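When a residue number appears, it is its place in the shown sequence, counting from 1. Numbering of ligands and ligand atoms starts at 1, following listing order. This is a predicted model, so every value here is computed, not measured.
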Amino acid sequence: MTSGADPKSALDQDGVRVLVLTGAGVSAESGLATFRDSNGLWEQHRVEDVASPEGFMRDPNLVWKFYSLRRDQAKTVEPNPGHQALASIEEKLKDRFLLVTQNVDGLHQRAGSERVIEIHGSLFRTKCSRCDLAPFADHATYFESLPLCDACEGRGRSKTLLRPDIVWFGEMLDPGHLNAIDRFLHADRGAPLVFIAIGTSGAVWPAAGLVDLARSVGGTTLLVNAEPADNTSRFHVFIRGKSAEVLPQLFASTRSASR
Ligand code: BV8
(Lines give C-alpha, C1' and ligand atoms only; values in the text may rest on other atoms or scores of the structure.)
Protein backbone atom coordinates (compact mmCIF):
# COMPACT_ATOMS: atom_id res chain seq x y z
CA MET A 1 0.00 0.00 0.00
CA THR A 2 1.57 3.32 -1.00
CA SER A 3 0.35 6.75 0.03
CA GLY A 4 1.60 10.01 -1.48
CA ALA A 5 3.97 10.69 -4.40
CA ASP A 6 5.27 7.91 -6.61
CA PRO A 7 8.47 6.54 -4.99
CA LYS A 8 9.83 5.00 -8.18
CA SER A 9 9.77 8.31 -10.07
CA ALA A 10 11.46 10.00 -7.10
CA LEU A 11 14.25 7.41 -7.34
CA ASP A 12 14.49 7.74 -11.11
CA GLN A 13 15.30 11.46 -11.20
CA ASP A 14 18.50 12.57 -12.95
CA GLY A 15 21.38 12.89 -10.50
CA VAL A 16 19.29 11.63 -7.57
CA ARG A 17 21.14 11.17 -4.24
CA VAL A 18 19.81 8.47 -1.91
CA LEU A 19 20.32 8.28 1.86
CA VAL A 20 19.04 5.09 3.50
CA LEU A 21 18.51 4.29 7.20
CA THR A 22 17.97 0.65 8.09
CA GLY A 23 16.83 -1.02 11.28
CA ALA A 24 16.33 -4.53 12.62
CA GLY A 25 13.38 -5.17 10.27
CA VAL A 26 15.79 -5.49 7.33
CA SER A 27 17.52 -8.42 9.05
CA ALA A 28 14.26 -10.06 10.18
CA GLU A 29 13.92 -12.03 6.94
CA SER A 30 17.41 -13.38 7.47
CA GLY A 31 16.11 -14.87 10.70
CA LEU A 32 17.44 -12.39 13.27
CA ALA A 33 15.09 -11.17 15.98
CA THR A 34 14.10 -7.51 15.98
CA PHE A 35 13.86 -5.53 19.21
CA ARG A 36 10.27 -4.46 19.57
CA ASP A 37 8.27 -7.02 17.59
CA SER A 38 6.61 -9.88 19.43
CA ASN A 39 9.35 -12.29 20.59
CA GLY A 40 11.75 -9.40 20.10
CA LEU A 41 14.98 -8.97 22.01
CA TRP A 42 13.45 -6.46 24.36
CA GLU A 43 10.83 -9.01 25.43
CA GLN A 44 13.56 -11.26 26.76
CA HIS A 45 15.74 -8.61 28.35
CA ARG A 46 15.25 -5.15 29.88
CA VAL A 47 17.05 -2.61 27.71
CA GLU A 48 18.70 -1.04 30.72
CA ASP A 49 20.13 -4.44 31.75
CA VAL A 50 21.81 -5.39 28.48
CA ALA A 51 22.13 -2.22 26.35
CA SER A 52 23.36 0.45 28.77
CA PRO A 53 26.72 1.20 30.43
CA GLU A 54 25.07 0.96 33.84
CA GLY A 55 23.76 -2.52 33.02
CA PHE A 56 27.24 -3.57 31.88
CA MET A 57 28.86 -2.35 35.09
CA ARG A 58 26.10 -4.05 37.13
CA ASP A 59 26.29 -7.43 35.38
CA PRO A 60 28.94 -7.77 32.64
CA ASN A 61 28.36 -11.54 32.46
CA LEU A 62 24.70 -11.00 31.46
CA VAL A 63 25.67 -8.41 28.85
CA TRP A 64 28.42 -10.57 27.33
CA LYS A 65 26.02 -13.53 27.24
CA PHE A 66 23.45 -11.33 25.42
CA TYR A 67 25.94 -10.17 22.81
CA SER A 68 27.73 -13.54 22.55
CA LEU A 69 24.41 -15.20 21.74
CA ARG A 70 23.76 -12.56 19.07
CA ARG A 71 27.28 -13.07 17.67
CA ASP A 72 26.59 -16.80 17.35
CA GLN A 73 23.20 -16.19 15.74
CA ALA A 74 24.46 -13.57 13.27
CA LYS A 75 27.19 -15.98 12.08
CA THR A 76 24.57 -18.60 11.14
CA VAL A 77 22.34 -16.41 8.95
CA GLU A 78 22.76 -14.99 5.43
CA PRO A 79 21.90 -11.62 3.90
CA ASN A 80 18.44 -11.57 2.30
CA PRO A 81 17.16 -9.95 -0.95
CA GLY A 82 16.58 -6.70 0.93
CA HIS A 83 20.27 -6.45 1.82
CA GLN A 84 21.19 -7.43 -1.75
CA ALA A 85 18.89 -4.80 -3.26
CA LEU A 86 20.61 -2.14 -1.17
CA ALA A 87 24.04 -3.33 -2.32
CA SER A 88 22.86 -3.21 -5.95
CA ILE A 89 21.49 0.34 -5.78
CA GLU A 90 24.78 1.43 -4.20
CA GLU A 91 26.54 -0.15 -7.19
CA LYS A 92 24.35 1.97 -9.50
CA LEU A 93 24.57 5.27 -7.61
CA LYS A 94 28.11 4.99 -6.17
CA ASP A 95 28.96 8.20 -4.27
CA ARG A 96 25.39 9.41 -4.68
CA PHE A 97 24.36 6.73 -2.18
CA LEU A 98 24.93 6.35 1.56
CA LEU A 99 23.64 3.62 3.87
CA VAL A 100 23.26 4.43 7.58
CA THR A 101 22.37 1.38 9.64
CA GLN A 102 21.25 0.94 13.23
CA ASN A 103 21.98 -2.77 12.78
CA VAL A 104 25.13 -4.24 14.25
CA ASP A 105 24.92 -7.67 12.55
CA GLY A 106 27.23 -6.94 9.59
CA LEU A 107 24.74 -8.34 7.04
CA HIS A 108 24.85 -5.25 4.82
CA GLN A 109 28.61 -5.61 4.37
CA ARG A 110 28.26 -9.36 3.76
CA ALA A 111 25.75 -8.53 0.99
CA GLY A 112 28.34 -6.27 -0.66
CA SER A 113 27.41 -2.82 0.69
CA GLU A 114 30.52 -0.68 1.19
CA ARG A 115 29.24 2.85 1.82
CA VAL A 116 27.89 1.87 5.25
CA ILE A 117 27.84 3.85 8.51
CA GLU A 118 27.13 1.66 11.55
CA ILE A 119 25.78 4.36 13.85
CA HIS A 120 25.11 1.95 16.72
CA GLY A 121 28.41 0.09 16.41
CA SER A 122 29.22 -3.48 15.44
CA LEU A 123 28.46 -6.83 17.05
CA PHE A 124 31.82 -8.14 15.76
CA ARG A 125 34.03 -5.47 17.29
CA THR A 126 35.26 -5.31 20.88
CA LYS A 127 36.85 -2.39 22.75
CA CYS A 128 38.18 -1.57 26.20
CA SER A 129 35.67 -0.16 28.66
CA ARG A 130 38.32 2.26 29.93
CA CYS A 131 41.43 2.90 27.85
CA ASP A 132 41.81 4.18 24.31
CA LEU A 133 42.74 0.79 22.87
CA ALA A 134 41.53 0.83 19.25
CA PRO A 135 38.37 -1.29 18.85
CA PHE A 136 39.29 -4.58 17.19
CA ALA A 137 37.52 -7.25 15.15
CA ASP A 138 36.30 -10.00 17.47
CA HIS A 139 34.06 -12.98 16.62
CA ALA A 140 34.71 -14.74 19.93
CA THR A 141 31.98 -15.48 22.44
CA TYR A 142 32.28 -15.02 26.20
CA PHE A 143 29.75 -17.27 27.93
CA GLU A 144 32.08 -18.58 30.62
CA SER A 145 34.71 -15.90 31.22
CA LEU A 146 34.95 -12.13 30.80
CA PRO A 147 37.56 -10.68 28.40
CA LEU A 148 40.09 -8.30 29.93
CA CYS A 149 42.21 -5.56 28.37
CA ASP A 150 45.93 -6.46 28.15
CA ALA A 151 46.74 -2.88 27.05
CA CYS A 152 45.57 -1.56 30.42
CA GLU A 153 47.92 -3.96 32.16
CA GLY A 154 50.69 -2.84 29.82
CA ARG A 155 50.12 0.69 31.08
CA GLY A 156 50.68 -0.43 34.66
CA ARG A 157 46.99 -0.42 35.48
CA SER A 158 44.93 -3.33 36.68
CA LYS A 159 43.23 -5.09 33.78
CA THR A 160 39.82 -3.73 32.90
CA LEU A 161 36.87 -5.29 31.16
CA LEU A 162 36.59 -5.40 27.42
CA ARG A 163 33.09 -4.61 26.09
CA PRO A 164 31.21 -4.87 22.80
CA ASP A 165 31.89 -1.89 20.50
CA ILE A 166 28.20 -0.99 20.56
CA VAL A 167 26.51 2.36 21.25
CA TRP A 168 24.31 1.75 24.28
CA PHE A 169 21.44 3.86 25.52
CA GLY A 170 22.71 7.03 27.13
CA GLU A 171 25.92 6.93 25.06
CA MET A 172 26.80 9.44 22.37
CA LEU A 173 26.95 8.39 18.75
CA ASP A 174 30.28 8.84 16.98
CA PRO A 175 30.44 12.54 15.97
CA GLY A 176 32.37 11.47 12.86
CA HIS A 177 29.37 9.43 11.77
CA LEU A 178 26.95 12.28 12.35
CA ASN A 179 29.23 14.68 10.44
CA ALA A 180 29.47 12.27 7.51
CA ILE A 181 25.67 12.04 7.34
CA ASP A 182 25.38 15.83 7.52
CA ARG A 183 27.96 16.26 4.75
CA PHE A 184 26.05 13.85 2.53
CA LEU A 185 22.75 15.64 3.17
CA HIS A 186 24.24 19.04 2.32
CA ALA A 187 26.38 18.04 -0.66
CA ASP A 188 25.23 19.03 -4.16
CA ARG A 189 22.11 20.93 -3.10
CA GLY A 190 21.11 21.14 -6.77
CA ALA A 191 20.53 17.37 -6.94
CA PRO A 192 17.28 15.75 -5.78
CA LEU A 193 17.60 13.89 -2.47
CA VAL A 194 15.58 10.82 -1.47
CA PHE A 195 15.68 9.52 2.13
CA ILE A 196 14.41 5.98 2.75
CA ALA A 197 13.97 4.50 6.23
CA ILE A 198 13.58 0.72 6.09
CA GLY A 199 12.66 -1.80 8.80
CA THR A 200 12.80 0.54 11.76
CA SER A 201 10.22 1.44 14.40
CA GLY A 202 11.45 5.04 14.57
CA ALA A 203 11.67 4.65 18.35
CA VAL A 204 15.36 5.40 18.91
CA TRP A 205 17.00 8.81 18.67
CA PRO A 206 18.82 10.52 17.09
CA ALA A 207 18.34 7.98 14.21
CA ALA A 208 14.58 8.58 14.28
CA GLY A 209 15.22 12.26 13.57
CA LEU A 210 17.06 11.70 10.26
CA VAL A 211 13.80 12.01 8.36
CA ASP A 212 13.44 15.59 9.60
CA LEU A 213 17.01 16.42 8.61
CA ALA A 214 16.27 15.07 5.12
CA ARG A 215 13.08 17.16 4.89
CA SER A 216 14.99 20.24 6.05
CA VAL A 217 17.15 20.05 2.90
CA GLY A 218 14.15 19.43 0.65
CA GLY A 219 14.42 15.64 0.46
CA THR A 220 11.59 13.29 -0.49
CA THR A 221 11.14 10.85 2.38
CA LEU A 222 9.96 7.25 2.09
CA LEU A 223 9.29 4.71 4.85
CA VAL A 224 9.37 1.01 3.97
CA ASN A 225 8.15 -0.96 6.97
CA ALA A 226 6.03 -3.99 7.86
CA GLU A 227 3.79 -1.76 9.98
CA PRO A 228 3.43 1.96 10.78
CA ALA A 229 6.41 3.31 12.76
CA ASP A 230 6.45 5.82 15.62
CA ASN A 231 7.38 8.55 13.13
CA THR A 232 5.37 7.48 10.06
CA SER A 233 3.69 10.89 9.88
CA ARG A 234 7.06 12.52 9.16
CA PHE A 235 7.37 10.70 5.82
CA HIS A 236 5.95 11.80 2.46
CA VAL A 237 5.34 8.17 1.46
CA PHE A 238 4.73 5.03 3.54
CA ILE A 239 5.15 1.70 1.73
CA ARG A 240 3.81 -1.04 3.94
CA GLY A 241 5.55 -4.33 3.26
CA LYS A 242 8.50 -6.61 3.88
CA SER A 243 11.84 -5.14 2.87
CA ALA A 244 13.04 -8.31 1.11
CA GLU A 245 9.96 -8.09 -1.15
CA VAL A 246 9.62 -4.31 -1.56
CA LEU A 247 13.25 -3.23 -2.09
CA PRO A 248 14.10 -5.30 -5.20
CA GLN A 249 11.03 -3.88 -6.97
CA LEU A 250 11.47 -0.36 -5.62
CA PHE A 251 15.07 -0.09 -6.86
CA ALA A 252 14.60 -1.96 -10.15
CA SER A 253 14.07 1.19 -12.23
CA THR A 254 16.77 3.33 -10.58
CA ARG A 255 19.28 4.19 -13.29
CA SER A 256 23.02 4.09 -12.80
CA ALA A 257 24.59 7.42 -11.89
CA SER A 258 25.84 9.05 -15.12
CA ARG A 259 29.59 9.48 -14.81
C1 BV8 B 1 22.24 9.49 22.41
C2 BV8 B 1 22.43 -1.13 20.85
C3 BV8 B 1 23.03 11.47 23.48
C4 BV8 B 1 22.84 -1.89 19.66
C5 BV8 B 1 20.69 0.49 20.63
C6 BV8 B 1 16.32 12.50 21.72
C7 BV8 B 1 17.54 12.79 21.11
C8 BV8 B 1 18.67 12.05 21.41
C9 BV8 B 1 18.60 10.98 22.33
C10 BV8 B 1 17.38 10.67 22.92
C11 BV8 B 1 16.27 11.44 22.62
N12 BV8 B 1 15.24 10.93 23.35
C13 BV8 B 1 15.69 9.88 24.08
C14 BV8 B 1 16.99 9.71 23.88
C15 BV8 B 1 17.81 8.68 24.50
C16 BV8 B 1 17.88 7.38 23.70
C17 BV8 B 1 16.59 7.00 23.02
O18 BV8 B 1 16.43 7.19 21.83
N19 BV8 B 1 15.69 6.42 23.77
C20 BV8 B 1 14.42 5.98 23.18
C21 BV8 B 1 14.12 4.56 23.60
C22 BV8 B 1 13.36 6.96 23.58
N23 BV8 B 1 18.92 7.50 22.70
C24 BV8 B 1 20.19 7.26 23.06
O25 BV8 B 1 20.51 7.00 24.21
C26 BV8 B 1 21.24 7.33 21.97
N27 BV8 B 1 22.33 8.15 22.45
O28 BV8 B 1 21.36 10.07 21.88
O29 BV8 B 1 23.28 10.14 23.11
C30 BV8 B 1 22.15 11.44 24.70
C31 BV8 B 1 22.56 10.71 25.80
C32 BV8 B 1 21.74 10.69 26.94
C33 BV8 B 1 20.51 11.36 26.96
C34 BV8 B 1 20.09 12.06 25.81
C35 BV8 B 1 20.93 12.10 24.69
C36 BV8 B 1 21.83 5.95 21.68
C37 BV8 B 1 20.85 5.12 20.91
C38 BV8 B 1 21.48 3.76 20.54
C39 BV8 B 1 20.99 2.74 21.50
N40 BV8 B 1 21.46 1.41 21.12
N41 BV8 B 1 21.05 -0.78 20.67
C42 BV8 B 1 22.28 -3.27 19.73
O43 BV8 B 1 22.30 -3.88 20.81
O44 BV8 B 1 21.82 -3.72 18.68
S45 BV8 B 1 19.17 0.89 20.04
C46 BV8 B 1 18.42 -0.45 19.35
O47 BV8 B 1 17.19 0.05 18.80
C48 BV8 B 1 19.16 -1.03 18.18
O49 BV8 B 1 20.33 -0.34 17.81
C50 BV8 B 1 18.15 -0.91 17.06
O51 BV8 B 1 18.72 -0.86 15.84
C52 BV8 B 1 17.48 0.34 17.47
C53 BV8 B 1 16.26 0.73 16.76
O54 BV8 B 1 15.40 -0.38 16.71
P55 BV8 B 1 14.92 -0.84 15.26
O56 BV8 B 1 16.12 -1.18 14.45
O57 BV8 B 1 14.00 0.17 14.71
O58 BV8 B 1 14.20 -2.21 15.59
P59 BV8 B 1 12.71 -2.39 16.18
O60 BV8 B 1 12.60 -3.80 16.63
O61 BV8 B 1 12.40 -1.29 17.14
O62 BV8 B 1 11.77 -2.16 14.91
C63 BV8 B 1 11.85 -3.04 13.81
C64 BV8 B 1 10.84 -2.54 12.80
O65 BV8 B 1 10.94 -3.35 11.63
C66 BV8 B 1 9.39 -2.67 13.29
O67 BV8 B 1 8.72 -1.46 13.04
C68 BV8 B 1 8.80 -3.80 12.40
O69 BV8 B 1 7.46 -3.54 12.08
C70 BV8 B 1 9.67 -3.71 11.19
N71 BV8 B 1 9.82 -4.98 10.48
C72 BV8 B 1 9.91 -6.23 11.00
N73 BV8 B 1 10.12 -7.12 10.00
C74 BV8 B 1 10.19 -6.41 8.85
C75 BV8 B 1 10.00 -5.04 9.14
N76 BV8 B 1 10.01 -4.07 8.20
C77 BV8 B 1 10.23 -4.46 6.92
N78 BV8 B 1 10.42 -5.75 6.55
C79 BV8 B 1 10.39 -6.74 7.48
N80 BV8 B 1 10.57 -8.03 7.10
Side-chain angles (χ1 to χ4, degrees), residues 1 20-56 62-71 73-74 77 79-86 99-108 116-127 163-175 177-178 181 196-213 222-232 235 238-250:
M1 177 260 282
V20 170
L21 170 70
T22 59
V26 170
S27 295
E29 285 158 282
S30 293
L32 293 183
T34 62
F35 292 88
R36 296 169 182 85
D37 287 329
S38 55
N39 295 325
L41 290 168
W42 294 157
E43 278 194 0
Q44 296 146 41
H45 299 281
R46 286 177 350 122
V47 169
E48 46 276 24
D49 291 342
V50 293
S52 77
E54 296 78 13
F56 181 69
L62 173 66
V63 174
W64 266 118
K65 283 194 179 81
F66 175 66
Y67 283 98
S68 295
L69 190 64
R70 289 173 64 195
R71 278 187 179 174
Q73 286 165 344
V77 301
N80 64 59
H83 294 108
Q84 286 144 7
L86 285 162
L99 171 56
V100 177
T101 187
Q102 300 171 95
N103 299 341
V104 297
D105 56 37
L107 287 175
H108 285 303
V116 183
I117 296 182
E118 293 176 313
I119 52 167
H120 290 167
S122 167
L123 198 50
F124 295 106
R125 259 198 325 268
T126 293
K127 69 179 185 180
R163 57 167 279 185
D165 187 19
I166 293 273
V167 181
W168 283 329
F169 284 99
E171 295 186 321
M172 303 293 280
L173 275 63
D174 180 337
H177 290 166
L178 300 176
I181 295 165
I196 316 174
I198 309 166
T200 180
S201 60
V204 173
W205 294 79
L210 281 183
V211 58
D212 291 313
L213 288 182
L222 316 179
L223 172 65
V224 177
N225 214 54
E227 63 193 16
D230 290 7
N231 59 352
T232 303
F235 290 85
F238 170 40
I239 303 173
R240 184 171 197 150
K242 293 188 167 186
S243 50
E245 292 163 11
V246 170
L247 298 186
Q249 299 164 29
L250 181 62

Is atom 74 (C) of ligand 1 less than 4.0 angstrom from some protein heavy atom? yes

Closer than 4.0 Å: a protein non-hydrogen atom to atom 50 (C) of ligand 1: yes

Protein heavy atoms: any of them under 4.0 Å from atom 33 (C) of ligand 1? no

Return yes when A229 approaches ligand 1 closer than 4.0 angstrom through a heavy atom, no otherwise. no

Could any protein non-hydrogen atom be found less than 4.0 Å from atom 15 (C) of ligand 1? no

Contact check: K242 vs ligand 1, nitrogen or oxygen atoms, below 3.5 angstrom: no

May I ask you to check whether L173 has an N/O atom sitting below 3.5 Å from an N/O atom of ligand 1? no

Establish whether atom 70 (C) of ligand 1 and some protein heavy atom are separated by less than 4.0 angstrom. yes

Would you please classify the geometry between the Y67 ring and the W168 ring as parallel, tilted or perpendicular, with 30° and 60° separating the classes? tilted

Below 4.0 Å from ligand 1: does a non-hydrogen atom of A203 turn up there or not? yes

Start with the C-alpha distance between S30 and N80, add both sets of side-chain angles, then the distance that settles side-chain hydrogen bond (donor to acceptor under 3.5 Å, both in side chains), and finish with yes or no. CA-CA 6 Å; S30 293; N80 64 59; 2.9 Å; yes

Does some non-hydrogen atom of A51 fall short of 4.0 Å from ligand 1? no

Taking C-beta and beyond as the side chain, do P228 and R240 meet within less than 4.5 Å on heavy atoms? yes

Does any N/O atom on E29 come nearer than 3.5 Å to any N/O atom on ligand 1? yes

